[in-house]
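See below for the structure under consideration.
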Amino acid sequence: RVSEEVLISVADGVIEVTINRPEAKNAMTKAAAEGIAAAMDRLDAEDGLRCAILTGAGGTFCSGMDLKGFLKGELPSAGARGFGGLTSWTPKKPVIAAVDGYALAGGMELAIACDMIVASKGAKFGIPEAKRGLAAAGGGMVQLPRLLPRPLAMEMALTGDPITAERAYELGLVNALTDGPAIEGARALAQRVAANGPLALIASKGVIRDSWLWPDDQIIANQTPYVAHVFASEDAREGATAFAEKRKPEWKGR
């Protein structure tokens, strides 16, 4: 049903999810959002998958909401999962955004909803909603001041003007810059992630994501359910054994 609006490929434990509406600068539709959400469900469901990459076809990441669809009364979200199927929840396993060209409005919110971002030099990130009389309600106004200095987040929201990938990289919003297409850098980062213990990846992402507002005196208690089974796992013993034997670990995910 999702048609060709989202393309899926799998290699080396990584699922690549490509928004495929290049003629519309990958503006988000409901069908595309549902396709992304379905791909993230597959990421979590399949033991062989360690990590996802989300990118856009034709040299652009995502230019935001498809305004034609919006004017017809269609919202580019997947139920309660938010814009692009990803801004109101996150899968258990890591997701890397590979950003070329523009990540604007909902497209920027989609990029920062991922766990890490690789961007090609010259790419632009912005929340221009105010220029259209709208507001970045897909997480932009809430997440940007957590990820960037608040005055800069304020400037981006109130002027609608974008920042470059280079500036975003200097500020730590972007993990890596590429000279060519961002997908190459994202694949390299994904392989560095996918080499590691699958239970450890899920636990680490979960704690980093969820611990934002944990009170200091509850950190250990809150963290325990995420990590206790990791330390007791076969994989933990395998990791230690492989280190002692100077070989690559063979993860079982249990």
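For this chain, numbers begin at 1 and follow the sequence in order.
- Formation of a donor-acceptor pair under 3.5 Å by the R50 side chain with backbone atoms of D47 is found in this model.
- Judged by distance alone, the side chain of K124 and the main-chain N or O of Y102 form no donor-acceptor pair under 3.5 Å.
- Applying the 6.0 Å contact sphere to CZ of R192 captures no more than 12 heavy atoms from other residues, nucleotides or ligands.
- With salt bridges taken as basic N to acidic carboxylate O contacts below 4.0 Å, one links E184 and R187.
- Not a single donor-acceptor pair under 3.5 Å links the side chain of K92 to the backbone N or O of D44.
- Summarising the local packing, CD of E245 is surrounded by more than 12 heavy atoms from other residues, nucleotides or ligands at distances under 6.0 Å.
- In this structure, the side chains of P149 and L171 come closer than 4.5 Å at one or more pairs of heavy atoms.
- When only modelled atom types and interatomic distance are considered, T29 and K68 share no side-chain donor-acceptor pair under 3.5 Å.
- In this structure, R167 and L152 have side chains that are in contact, with non-hydrogen atoms separated by less than 4.5 Å.
- Linking ILVMFWY residues whenever their side-chain heavy atoms come closer than 4.5 Å, directly or via other members, leaves L86 and I183 in distinct clusters.
- The local environment of NZ in K25 is sparse, with at most 12 non-hydrogen atoms from other residues, nucleotides or ligands closer than 6.0 Å.
- At least one donor-acceptor pair closer than 3.5 Å links the side chain of D115 to the backbone N or O of V95.
- Between the side chain of E109 and the backbone N or O of G140, at least one donor-acceptor pair lies under 3.5 Å.
- Distance alone, capped at 3.5 Å, places no donor-acceptor pair between the D235 side chain and the G197 backbone.
- Between W214 and Y226, the gap from one ring centroid to the other is short of 6.0 Å.
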Give the C-alpha distance, both sets of side-chain angles, the deciding distance and a yes or no for side chain to side chain contact (heavy atoms under 4.5 Å, CB included) between T178 and K121. CA-CA 6 Å; T178 60; K121 290 175 182 171; over 6 Å; no
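- With hydrogens and angles ignored, the 3.5 Å screen pairs no side-chain donor or acceptor of E16 with any backbone N or O of A52.
- A donor-acceptor pair under 3.5 Å links the side-chain atoms of R21 to the main chain of A27, judged by distance alone.
- Side chains of T60 and N26: no donor on one and acceptor on the other come within 3.5 Å.
- Side chain of K93 to main chain of L49: a donor-acceptor pair is present (N/O by atom type, distance under 3.5 Å, no hydrogens or angles).
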Would you check, one step at a time, whether the test side-chain hydrogen bond (donor to acceptor under 3.5 Å, both in side chains) holds for T159 with K131? CA-CA 8 Å; T159 66; K131 292 180 186 285; over 6 Å; no
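- Looking at I36 and I19, their side chains come closer than 4.5 Å, going by heavy atoms from C-beta outward.
- Using modelled atom types, no side-chain atom of W212 and backbone atom of I208 make a donor-acceptor pair closer than 3.5 Å.
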Apply side chain to side chain contact (heavy atoms under 4.5 Å, CB included) to residues F125 and L104 and explain how you reach the verdict. CA-CA 6 Å; F125 294 83; L104 296 177; over 6 Å; no
